[in-house]
Amino acid sequence: MASIGQIVNPTSGSDALSRARQRAALMPDCLVEAKRIANTVIAGWHGRRKRGIGENFWQFRPYAEGESLSRIDWRRSARDDHTYVREREWEAAHTIWLWCDMSPSMMYKSSYGSASKESRALVVMLALAEILSRSGERIGCPGIMEPASTRTAAERLASALMHAPLAGGLPETGMIRGWSDLVLIGDFLDDAPAIMERLGPLARRGLRGHVVEISDPAEEIFPYSGRTQFTDPETGARLISGRAEHIREAYRNAYLARRESLGQSLRHLGWTFTSHRTDHLASEALVAVHMYLSGMPAKATHGGQL
């Protein structure tokens, strides 16, 4: 059987420079594609509503330790076992932190996808930076770029990413202060409890989060059959299946259950979750996240929009 996906070897110290050069070479095309998509979807859109001091209701979010008890909405809190704060609109800009996973698993691309997961994640992140900067938002990237309010945020972010050190896993967030929005883009293939162990404290600090899961179609539909060797791009571990089609149903059930568990856990925190496949238009993920940032419900899309 012909190869369905490209195998990516784990990055070691000897080829880290090569990997960095590959990312740098990818960035200009991603920036051009991001600007094209941003220009397509931004038509007719105006400034976002924002939370803060105002008269109109914005959203409910979990109560953070140390806040005034007068801000608690006791009626909403009585519905379940959590305490919620009612937020209102504001017209001033605040900080939106954008991050995408750069670990080896993101470099995967099968013959079913139109781009690698890494390329799609970068396009969505840079397109968000382009749209949000036009609305006057302060854009930052944890550990990569300090927040700035500028119309060239997408270009500055692309340049910073080209020179950023190679790193995997969720970002460090100690530098994030105040009531900010955090957009995380990656494949999130770790177990949901392990991911929530990192994200839970962020929600309790008052951060409003938006998680975008990028997946390749082959990861979801599992089109493999016959004798197949699977390689973990993060660790190099290998698994050989004599009849891959025999484990297809069990694999898909486990894969979709992980996604559902993660989505439910995030919604419980008051965060949003969007699942996007690389055989779909990048604009679908962009529109969904922008809607969430605007405080409006995003329409469901094929591939796991939650």
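Position 1 is the first residue of the sequence; numbering continues from there.
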| request: Answer yes if I247 and L256 sit in the same cluster of Ile, Leu, Val, Met, Phe, Trp and Tyr residues linked by side chain heavy atoms under 4.5 Å apart, and no otherwise. | output: yes
| field | ILVMFWY cluster, Y251 and F230 together (side-chain gap under 4.5 Å) | value | yes
| message | Under the rule for side-chain contact (heavy atoms from CB on, under 4.5 Å), what residues qualify as partners of S159, not counting sequence neighbours? | response | H163
Between [Y] and [X], is there a side-chain heavy-atom distance shorter than 4.5 Å?
| X | Y | answer |
| --- | --- | --- |
| M125 | L161 | yes |
| Y112 | P223 | yes |
| T152 | S133 | no |
| L286 | I131 | yes |

Which atom pair, heavy atoms only, marks the closest approach of [X] to [Y]?
| X | Y | result |
| --- | --- | --- |
| A129 | I139 | CB-CG2, 4.2 Å |
| R198 | P201 | O-CD, 3.5 Å |
| A218 | D216 | N-OD1, 2.9 Å |
| L266 | M196 | CD2-SD, 3.9 Å |
| P142 | I176 | CG-CD1, 4.3 Å |
| R205 | T173 | NH2-O, 3.2 Å |

| Carboxylate-amine/guanidinium proximity below 4.0 Å for R248 and E245 | no
| task | Answer yes when R259 and E219 have at least one side-chain N-carboxylate O distance shorter than 4.0 Å, and no when they do not. | result | no
| request: Check step by step if side-chain contact (heavy atoms from CB on, under 4.5 Å) holds for D101 and F188. | output: CA-CA 9 Å; D101 190 1; F188 299 98; over 6 Å; no
For the [atom1] atom of [X] and the [atom2] atom of [Y], what is their distance to the nearest 0.5 Å?
| X | Y | atom1 | atom2 | result |
| --- | --- | --- | --- | --- |
| H290 | L132 | NE2 | CG | 6.0 Å |
| S110 | D279 | OG | CG | 8.0 Å |
| M107 | M102 | CE | CE | 10.5 Å |
| H276 | S215 | NE2 | OG | 8.0 Å |
| L98 | L157 | CG | CG | 6.5 Å |
| L184 | L202 | CG | CG | 8.0 Å |

[X]: what forms a side-chain hydrogen bond (donor to acceptor under 3.5 Å, both in side chains) with it, not counting sequence neighbours?
| X | answer |
| --- | --- |
| R252 | none |
| S241 | none |
| R156 | none |
| T83 | none |

| Sole candidate of K35, R36, R151 that passes salt bridge (charged side-chain N to carboxylate O under 4.0 Å, His left out) when paired with E130 | K35
| said: Looking only at side-chain N and O atoms, does R120 offer a donor or acceptor that is under 3.5 Å from a partner on S114? | reply: yes
| Ring-ring centroid check F222 Y255, cutoff 6.0 Å | no
| said: Quick check on R243: does its CZ atom have over 12 non-hydrogen neighbours (other residues, nucleotides or ligands) under 6.0 Å away? | reply: no
| request: Would you confirm whether S261, through its side chain, and A257, through its main-chain N or O, come within 3.5 Å as a donor-acceptor pair? | output: no
| said: Is it the case that the side chain of W271 and the backbone of L207 share a donor-acceptor pair, with hydrogens and angles ignored and the cut-off at 3.5 Å? | reply: yes
| request: Could you please spell out the steps behind the side-chain contact (heavy atoms from CB on, under 4.5 Å) verdict for L199 and L170? | output: CA-CA 9 Å; L199 299 185; L170 293 171; 4.0 Å; yes
| task | Could you tell me how the ring of H210 sits relative to the ring of Y292: parallel (under 30°), tilted (30 to 60°) or perpendicular (over 60°)? | result | parallel
| task | I would like to know whether I221 and R277 meet side-chain contact (heavy atoms from CB on, under 4.5 Å); could you show each step before the answer? | result | CA-CA 11 Å; I221 64 179; R277 280 182 14 179; 4.0 Å; yes
| request: Check the pair L293, E137 against side-chain contact (heavy atoms from CB on, under 4.5 Å), reporting the backbone distance first and the verdict last. | output: CA-CA 11 Å; L293 287 167; E137 306 287 8; over 6 Å; no
| message | Applying side-chain hydrogen bond (donor to acceptor under 3.5 Å, both in side chains) as the test, list every pair that has at least one member in residues 183-196; sequence neighbours left out. | response | S105-D187, K117-D187
